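Computed from a prediction, not measured in an experiment: that's the story for all the values here. Below, read A as the first sequence line, B as the second, and so on, with proteins coming before strands; counting in each chain starts at 1.
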Amino acid sequence: MRIAGAPPAALIASHQLGIAFQDHALLPWLTVRENIELPFHLAQRTVDVARVDELTALVGLAEFAGARPRQLSGGMRQRVAIARALALRPRILLLDEPFGALDAVTRRQLNIELQRIWWDQRITTVLVTHAIDEAVFLADRVIVMSARPGRIRHDVAIELARPREREILSAPGFHALSDELARALDAA
Amino acid sequence: MKRSAAGPVIGGVLVTALLWELIGRLHAFGSAWAPLSTVIAYACTPANGALLLAAAVRTGSEALAGLVIGSSAGFALASCAVLVPRLARGLDTFASLLNGIPIIAVAGVCALTVPRDGTPVVVATLAAGFMVFVASAAGLAATLAGQRDLFAVLGASRGATYRRLLVPCALPAILDGVRSAAPSAVVGAIIGEWFSAETGLGPLLVSAMQNYAIVQLWAVALTGALLSIAAYALLGCLRAAVGMRFG
């Protein structure tokens, strides 16, 4: 696999890959702010204070900048993980089921927030998910993969207008796309 | 200490003290078992108290030096095993072999090979080092897979991963090791003193045994035990404080 003509390792070496996992992987001894600053330290760059301020506000945690992860809810921790992933303005943002461990209500709220964050940052994002409505709501393109071996089975363009608001979740077009993807998954 | 945790500790101390006193008073184990009250009365006279305090300070200083050096060496060896993985198995074997030598034999060899005043510190170092090595190695390997993946994907160097992830993660385990090693360092210092020193709890113990000074023997043993318990408790407080942030 190559990304923009280079292997993924080159993207990592140049600190152009941002990532958030299902497990937030925050460092419990650091504050919210220090966790978001971490990529700057690992890339041996001066911390961009304004960028950290901007991201802390973007994910709605400006008032919790000094809090430690144990003081936050599951949803707040995932928002910190996403802010950390965005810190260095990566070329690719990889989100590996970032909301997979959250309850349905929190998950829906965070999907709406993620869409807003993405709209603000406009970074090419690869989101791995098992939730069809999440994929339809967030993506421009959904790739359905088979289980074993992992092969691309379907490639569906999502042409819903942006920015997408909560109301779109109950629109007929949204449901039609969800049904189409459900059938594709069943067949995969 | 929380109220719920303090209760059993105080209860245990009281039961131990009571049993000690009763066994001594009733001569249940013969006349060589001095009652606790007699031992305390002996230690509370100004001359004996000063003697025990001076010996405890001497042994405590040696144990502390040994604990610091041993802990540093144990941590450094464990770090080498993490930073240079091909050294891991060799260092593990080396540390196990060193730990397998009876401490009394180590003390005898040290008495012949290191400067006289240095023997208690060297023995205390060896007694403490292995525990901290094992605790450090376990702590440095205890990071979560997600955290390791994150550092890898963010392009962290091995040094940055060690400094910013492994060491902070390992701190509670390392301090557990240091706390457990503290009583061993005290024992190591006392054994080292047997072979080389003229002051400290070790020589006092030997002198009491040779002169059949039973109460003095018990008083020295009690002083040594209190020294170990104090070190363990102090390091426990430090461990609790570190655990609040890094645990």
Side-chain angles (χ1 to χ4, degrees), chain A residues 3 6-31 34-45 47 66-71 77-78 80-98 100-101 126, chain B residues 2 5 71-72 75 78-79 82-85 132 135-179 235-247:
Chain A
I3 301 167
L11 207 67
I12 289 172
S14 57
H15 310 285
Q16 291 186 71
L17 181 63
I19 192 162
F21 308 103
Q22 182 172 332
D23 165 20
H24 51 76
L26 298 178
L27 303 186
W29 55 88
L30 299 182
T31 62
E34 289 165 342
N35 267 292
I36 297 172
E37 288 173 353
L38 182 68
F40 290 99
H41 296 300
L42 298 184
Q44 296 179 311
R45 294 182 194 168
V47 174
R68 296 197 193 285
R70 80 169 73 90
Q71 298 171 294
R77 289 175 194 167
Q78 283 300 357
V80 179
I82 289 169
R84 179 182 60 192
L86 294 167
L88 296 180
R89 300 180 198 278
R91 194 164 176 180
I92 304 276
L93 178 61
L94 178 58
L95 303 177
D96 186 3
E97 295 199 76
V126 178
Chain B
K2 289 178 185 172
S71 298
S72 306
F75 173 67
S79 297
V82 168
L83 293 170
V84 190
V132 179
S136 301
L140 290 168
T143 49
L144 299 174
Q147 292 170 336
R148 289 195 300 273
D149 289 347
L150 175 77
F151 272 63
V153 170
L154 290 178
S157 65
R158 190 176 288 185
T161 304
Y162 170 78
R163 203 171 58 253
R164 292 188 178 274
L165 176 63
L166 301 189
V167 173
C169 258
L171 269 181
I174 293 167
L175 279 172
D176 279 338
V178 175
R179 180 173 59 166
L235 286 164
C237 293
L238 181 62
R239 165 66 178 85
V242 168
M244 290 282 283
R245 178 160 183 189
F246 294 91

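For B:Ala145, no part lies under 4.5 angstrom from a heavy atom of chain A. For B:Leu165, the parts lying under 4.5 angstrom from a heavy atom of chain A are both the backbone and the side chain. For A:Leu38, the part sitting under 4.5 Å from any heavy atom of chain B is the side chain, from C-beta outward, and nothing else.
You'll find the side chain of B:Arg164 reaches within 4.5 Å of the side chain of A:Leu42, heavy atoms only.
Using a distance-only test at 3.5 Å, with no hydrogens or angles considered, no donor-acceptor pair links the side chain of B:Arg179 to the main chain of B:Gly236. Put simply, the side chain of A:Arg70 never gets that close to the backbone of A:Pro28: no donor and acceptor are under 3.5 Å apart.
One finds the OH atom of B:Tyr162 at 13.0 Å from the SG atom of B:Cys169 (value rounded to the nearest 0.5 Å).
Taking A:His24, A:Arg84, A:Gln22 one by one and counting their heavy-atom pairs under 4.5 Å with chain B, the maximum is reached by A:Arg84.
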